[in-house]
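Just below is one structure, and these are the notes that go with it.
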Number of protein chains: 2
Amino acid sequence: MVTRKDVAQKAGVSPSTVSRVINKNGYVALEVRERIEAAIAELNYIPNRAAQNLRTRSYKQIACISPSISNSFFSEMFMGIEGMAIEYGYSLSLYNITKKKHPYIKQVLEGPYDGIILLGSQELTMVEDILEITKKMPLVTYWDRIERMDIPLKAQIPHVYIDLKKVMRQSVEYLITNGHKEIVFLGHYYNEESNSNPRYKGYEMAMKEHRLPIKDYYKIFIEMYEDKLTTGYDAIKMLLDRGYYFTAVAASNDLLAAGAIRAIIESGKKVPQDVSVIGVDNIELAKIVTPTLTTMNIPKKEIGRMLVQQLMDQIQNESTMAKSIEVEVRLKERESVKNLIIS
Amino acid sequence: MVTRKDVAQKAGVSPSTVSRVINKNGYVALEVRERIEAAIAELNYIPNRAAQNLRTRSYKQIACISPSISNSFFSEMFMGIEGMAIEYGYSLSLYNITKKKHPYIKQVLEGPYDGIILLGSQELTMVEDILEITKKMPLVTYWDRIERMDIPLKAQIPHVYIDLKKVMRQSVEYLITNGHKEIVFLGHYYNEESNSNPRYKGYEMAMKEHRLPIKDYYKIFIEMYEDKLTTGYDAIKMLLDRGYYFTAVAASNDLLAAGAIRAIIESGKKVPQDVSVIGVDNIELAKIVTPTLTTMNIPKKEIGRMLVQQLMDQIQNESTMAKSIEVEVRLKERESVKNLIIS
DNA sequence: AAATTGATTGACAACGGTTTCAAAATAACT
DNA sequence: AGTTATTTTGAAACCGTTGTCAATCAATTT
């Protein structure tokens, strides 16, 4: 292995001077710098990263713990994270957590990282684990569940979030504005009762505000798993088979919405002519589906960037204050919602 | 920061002994071991990874360079890679390369990695870069382009691959077996002439073998970009608009196939009743699309695992022989192909 | 009882850098 | 010419481990 010493010898200087050239700090005579650079090139010298890490007490790496990245929601967010991290000179390790196991906490804490970004879905991760990490290493999360935690706990975990209730409410209000009255909520199931389900609350709020009754069959709660992509399909198909009437489906994510569309089309109806569908997330799929999906765009890249910024804040300034940053969501209009008023 | 020294002091032993406990090697009296373990727990001691890396000259990390991981083809492969890497006790850094830039080579070579896995699509990466890396660090690739390189070059780059020609041929033969004769090839465009286009070659071979004429409008070549998800749609739509006749579309990946389906449905025809569509890849999308897509399943997870195995081979045994491993592809039947013979 | 073996420990030399400090050389001012 | 800044360098301490080696001590064999 070629070391700094070899370079120094070849260039006829001391190792210290070579360091100065590598790190571009301190004074180095032009002539000497060139000689050293030549030696570096000639020897194909690459500084030993482990030694640098040891000496500088920093790894220039952050770990990202994420649910299955096959889910394009998270992969897009990851892209945002990566882009921003690179701007800060950091690279990223990725840990996918799946349903079965998560010994990741130990691995990550013992790993060569300066900080951790946790993307959480559902209940895959435990609060205690997070709090444990927080004590040992800078951490920031994007974690659905955090919204449902109590204030003191929330205050301990830096996070970037979107207001799910608000999002769902906007989504449903858009449908209402377009003349829809019979709107099915196709959403996530939470272990707790539905009144702690922010998505449903948003739906409920929009409906109530506009004095629209919520019939029983409007309420569909689904357990989302990575491997169950057709749950939205199944649910809406059942509704249609039983002859229930509705003019729109407000899904709490695009996957469910896509399933709904498929069920509707298969039943012989048309989207959006007969039934409108709206989603949340705006994942790639939304552009591919027929018809293309109107949805609430969650700015995943942007969230990724903010996560990194907040983490860097902690790493660089040792600021202990756990920040909470809300990201706004906007409607992305496409083809899957019909305006019942104009026509 | 808590170091091994602190632990040693607390436990009343020498640092060396603490090391023995951590690494579980050498002799340590039971009683002493317990004392040390207690001290470790109490002090919340975590071994400094940089020091370990430096000392052992290994990072226990590998870098994965991949095209946009939003593409579920690659994210699935990544999942396979990650799973296998963990079994070997390694973790993964992920670098997404995009169209614009790739200064990744330098970054990765200077990074804390024991090896590199390169997932390549199209021409994003340059052969010279790869060869440069090969000289400095264990590397293994899954890279479409490698199949089109000349033998001596190929022999220098360890890789796992699928035979694109064979795959496409199987796909088309399946259509033919199902009674299709007028089959449109909807495939990738390569810079070179089509006779070095393995996908097209496979199509051509199947058609010729069965004495089926290839009409001009059967041949569609498309430049695939991440951001152009609708190119398959556009192409087939044009064909339909102009009134060309065909009973099936053999697409060279699922994205193109999905676009084709959408175009066909929009034109008022049905899939597979009027036109059959077959894809290649078997990405998640294939299950979601309506109708679900019959496609050639590329075992992405499996490829990922083999990539890691081959890399570990290099890392551990210093075996310099660049291996070439072919992975077999199988048909995954779903709903998008109609059997014209039975009906 | 002496000698051999095995278990158990600590001292110490790396590993390959960064960074502080002081010395030496050069340039800039009185 | 003498003094004071400013560049330019190398020596040396240190980062926190691993792993070799020899020393110690108890157990076993001759």
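Computed from a predicted structure; not experimentally measured. Hydrogens, waters and symmetry mates play no part in the numbers below; they use all other heavy atoms, side chains included. Here is the naming used below: chain letters follow the sequence lines, and residue numbers restart at 1 for every chain.
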For this session: Report yes or no: is there a donor-acceptor pair, N or O only, under 3.5 Å between the side chain of B:Arg20 and the base of C:dG10?
Result: yes
Problem set entry | Upstream residue (5' side of DNA chain C) when B:Arg57 and B:Glu31 are each assigned their closest nucleotide | B:Glu31
For this session: Using a heavy-atom cut-off of under 4.0 Å over every strand shown, decide if A:Asn23 touches base, sugar-phosphate, or nothing.
Result: sugar-phosphate
Seminar exercise, completed: Taking pairs as Watson-Crick (N1-N3 plus N6-O4 or O6-N4) or G-U wobble (N1-O2 and O6-N3), each distance under 3.5 Å, the stems of three or more consecutive pairs with DNA chain D are C:1-30 with D:1-30
Separation of atom [atom1] in [X] from atom [atom2] in [N], rounded to whole Å:
X	N	atom1	atom2	answer
A:Tyr27	D:dA5	OH	C1'	10 Å
A:Asn48	C:dG17	CG	P	5 Å
A:Ile36	D:dT8	CD1	P	12 Å
B:Met1	D:dC14	CE	P	18 Å
A:Ile22	C:dG17	CD1	P	7 Å
A:Asn25	C:dT19	CG	P	7 Å
B:Glu34	C:dT8	CD	P	13 Å
B:Arg49	D:dC15	CZ	P	21 Å

Problem set entry | Parallel, tilted or perpendicular: rings of A:Tyr95 and A:Tyr104 (30°, 60°) | perpendicular
Exercise. Taking the side chain as C-beta and beyond, is there a heavy-atom pair between A:Leu92 and B:Leu94 under 4.5 Å?
Worked result: no
Exercise. If we only count heavy atoms from C-beta on, is the A:Val327 to A:Tyr142 side-chain gap below 4.5 Å?
Worked result: no
For this session: Could you work out which one of D:dA13, C:dG10, D:dT8 sits closest to the side chain of A:Arg55?
Result: D:dA13
Exercise. Are the aromatic rings of B:Tyr113 and B:Tyr59 close, with centres under 6.0 Å apart?
Worked result: no
Exercise. Counting heavy atoms not belonging to A:Lys136, are there more than 12 under 6.0 Å from its NZ?
Worked result: yes
Exercise. Is the CD atom of B:Gln9 crowded by more than 12 outside heavy atoms at less than 6.0 Å?
Worked result: no
Seminar exercise, completed: Comparing nearest nucleotides in DNA chain D, the 5'-proximal residue of the pair A:Ser16, A:Ala51 is A:Ser16
For this session: Ignoring backbone atoms, establish whether B:Arg33 has a side-chain N or O less than 4.0 Å from OP1 or OP2 of C:dT8.
Result: no
Exercise. Quick one: is D:dG16 close enough that its OP1 or OP2 comes under 4.0 Å of any side-chain N or O from B:Thr3?
Worked result: no
Exercise. How about B:Ser91 and A:Ser93: does a side-chain donor come under 3.5 Å of a side-chain acceptor?
Worked result: no
For this session: Ignoring hydrogens and angles, state whether a donor on the side chain of A:Thr141 or A:His159 is under 3.5 Å from an acceptor on the partner side chain.
Result: no
Problem set entry | NZ on B:Lys154 to OG on B:Ser324, rounded to 0.5 Å | 6.5 Å
Problem set entry | Residues within residues 8-15 of chain A bordering DNA chain C, heavy-atom distance below 4.0 Å | none
For this session: Could I get the full list of salt bridge (charged side-chain N to carboxylate O under 4.0 Å, His left out) partners for B:Glu42, not counting sequence neighbours?
Result: B:Lys10
